[in-house]
K.L.:
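Quick one: structure below, then a few questions.
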2 protein chains.
Amino acid sequence: MRMSDGVEWAAHCCVVLAVVPPDRALPAARLAEYHGVPAAYLAKHLQALARAGLVETTKGPRGGYRLSRPASEITMLDVVEAIEGDEPAFRCTEIRRRGPSAAPAREYRTKCAIHVAMNRADDAWRRELSNTTIADLLRQVGRDASPKALAKGAVWLQEVLA
Amino acid sequence: MRMSDGVEWAAHCCVVLAVVPPDRALPAARLAEYHGVPAAYLAKHLQALARAGLVETTKGPRGGYRLSRPASEITMLDVVEAIEGDEPAFRCTEIRRRGPSAAPAREYRTKCAIHVAMNRADDAWRRELSNTTIADLLRQVGRDASPKALAKGAVWLQEVLA
DNA sequence: GTCCCTATACTCGGATAGCAAGTGTCCGAGTATAGGCGG
DNA sequence: CCGCCTATACTCGGACACTTGCTATCCGAGTATAGGGAC
C-alpha cells in the first residue's frame, strides 16, 4: 500500500501557490523547476488538483495555476483525495458470502465486522488529515526553514513573477 | 493507494482460526475452500502471517495453520502489517531540498511539515487498527451472523477436523 | 498381541509467470499578450 | 497619438509508452501418519 509521490508534490505545490499574489499564477513548468521534479509528470497531478476544484488555471502567457480558495480552507485531505481518489484503501469483497457456510443475501443485514473496523481506521486517518490546512503548513514552513532558504525562495518567486 | 486483497483474506482466516481448538490446525487449502478464494494465492499470504509470528504451522497430515497466541492478543494492525509491511504509505522524498531555493543539508533540522502531518494521520490509522483484536471480530461475527450460517460453519469445521 | 520400521500422502515454503496500476512523456487545443498597421 | 487587428508564443489538457509491484500459480522439501512385518 504505497501512496503516490504525486501527493507529496501536490502538497508542496499548494504551499508555494499559497504565497503567490491572488491576481497572479504560476505555470506548471515553474513549479516543477522549483521542486526539481519532471515538469510533464507534475502537470498530470496539477490537472488532478484542477479537476478537484482546488486550483484554477489560466491559459496563455502569464497564465498558470493559482489556489481557487484561501489556503486556510484547503486541507491535506482535499489534496490527498484529489490525487489518490476518495475511495477507501480497503475494499471489502464480501468473501464471507462465499464458500460452504454462505447464506442467502438477505441474511447479511449488517456490514462485515472487518469492513467496519477498516472503515473506522480510514475515518480516523481522514479526520486527522482534514485537521491540517495548507495555511498551517505554510506557517510551519515559515517557522522551520532557515531565513536564508526563505530569502532564496522569495527572490526566485519575484524573478519568476516579474 | 489500494490495499492488497490479502489483508481481507488474512483477517478472515484469523477469525476462523480463532475457533479452531488449540491442539488442532487448519490447512491452507481448507481455509481457501471456506472463503472461496484461490488456494495457492491464499497460501502466500498465510506464509506472511507465519513470518510475522501471528500463526504457527505444522507440516504433514493433520497439519496446517493455528494462531500462535490468543485471539485477544492479535490486533488488526498486526494482520495489516504482516501483509502490507510496516512502512508508512507516505514516503517523504525531501523535495524541499531540491530546486533553486535549496539550502545546505545542515539547515534542515526539523522534519518536513508535510511529512509530519502525514505521519500524524498514519499514526491515527494504526492506533485505530490496534484497538480491534481478532477476538473482538469473532465476538461481532457471533452477534451479526444468522444462526443458520453459524451452524453451517460449525458443521463444516467439525467435518474438516474429523 | 505388541513394537518397530518403512512407505505414503499430506503439508508448508519459496521460486516462477501474468497483469493492472502507477510512472513518465509527448503533442494538440485554446488564449492572453505584444507588436504592427490604419485612422 | 490612439485604437484595432493579427500573428505569436505560451499555457493547459488529454492521449500514448514504460516500469514497478500486486496477482496468481506451480513444484520441491519436510514430516506425521498408517499399514505391514517381525518378534
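To find a chain, count down the sequence lines: A is the first, B the second, and so on, and within it residues start at 1. Small disclaimer: the values here were computed from a predicted structure and weren't measured.
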K.L.:
Rounded to whole Å, how long is the line connecting atom CG of A/Leu17 with atom P of D/dC12?
P.N.:
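For the pair A/Leu17 CG and D/dC12 P, the rounded distance is 11 Å.
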
K.L.:
Can you name the residues that form a ring pair (Phe, Tyr, Trp, His ring centres under 6.0 Å) with A/Tyr108, not counting sequence neighbours?
P.N.:
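Counting only residues at least two positions away or on another chain, A/Tyr108 forms no ring pair (Phe, Tyr, Trp, His ring centres under 6.0 Å).
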
K.L.:
How does protein reach along nucleotides 21-36 of chain D, written 5' to 3' as B (base within reach of a heavy atom under 4.0 Å), S (only sugar-phosphate), or - (no contact)?
P.N.:
-SBBBB---BBBS---

K.L.:
How close or far is atom P of C/dG14 from atom CG of B/Leu49, stated in whole angstroms?
P.N.:
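Spelled out: CG on B/Leu49 to P on C/dG14 is 13 Å.
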
K.L.:
Identify whether any heavy atom of B/Ala28 sits under 4.0 Å from a base atom; if not, whether one sits that close to sugar-phosphate; answer base, sugar-phosphate or nothing.
P.N.:
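Sugar-phosphate contact only.
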
K.L.:
Could you list the donor-acceptor pairs under 3.5 angstrom formed between side-chain atoms of residues 154-162 of chain B and any protein atom two or more places apart in sequence or on another chain?
P.N.:
{"unit_1": "B/Trp156", "atom_1": "NE1", "unit_2": "B/Glu33", "atom_2": "OE2", "d": "3.2"}

K.L.:
Heavy atoms under 4.0 Å, any strand shown: does B/Ala25 hit a base, just sugar-phosphate, or nothing?
P.N.:
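The residue B/Ala25 makes no contact with any strand.
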
K.L.:
For A/Arg30 and D/dC10, what is the distance between atoms CZ and C1' respectively, to the nearest whole Å?
P.N.:
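Computing the A/Arg30:CZ to D/dC10:C1' distance gives 10 Å.
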
K.L.:
So, are A/Arg66 and A/Asp23 salt-bridged, with charged N and O less than 4.0 Å apart?
P.N.:
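Looking at A/Arg66 and A/Asp23, the cut-off is not met.
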
K.L.:
Looking at A/Arg109 and A/Glu107, does any basic side-chain N land under 4.0 Å from a carboxylate oxygen?
P.N.:
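So A/Arg109 does not pair with A/Glu107 through a salt bridge.
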
K.L.:
How close or far is atom P of C/dT11 from atom OH of B/Tyr65, stated in whole angstroms?
P.N.:
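It works out to 11 Å between those atoms.
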
K.L.:
Is it true that B/Arg127 and B/Asp123 have a side-chain N and a carboxylate O under 4.0 angstrom from each other?
P.N.:
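Salt bridge absent between B/Arg127 and B/Asp123.
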
K.L.:
Does A/Arg106 have more than 12 heavy atoms from other residues, nucleotides or ligands lying within 6.0 Å of its CZ?
P.N.:
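Open.
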
K.L.:
Ignoring backbone atoms, establish whether A/Gln47 has a side-chain N or O less than 4.0 Å from OP1 or OP2 of D/dC12.
P.N.:
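Looking at the OP1 and OP2 atoms of D/dC12, neither is under 4.0 Å from any side-chain N or O of A/Gln47.
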
K.L.:
For B/Arg51, report the nucleic acid contact type (base, sugar-phosphate, nothing); a contact means any heavy atom under 4.0 Å.
P.N.:
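The answer is sugar-phosphate, as B/Arg51 gets under 4.0 Å only of primed atoms, P, OP1 or OP2.
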
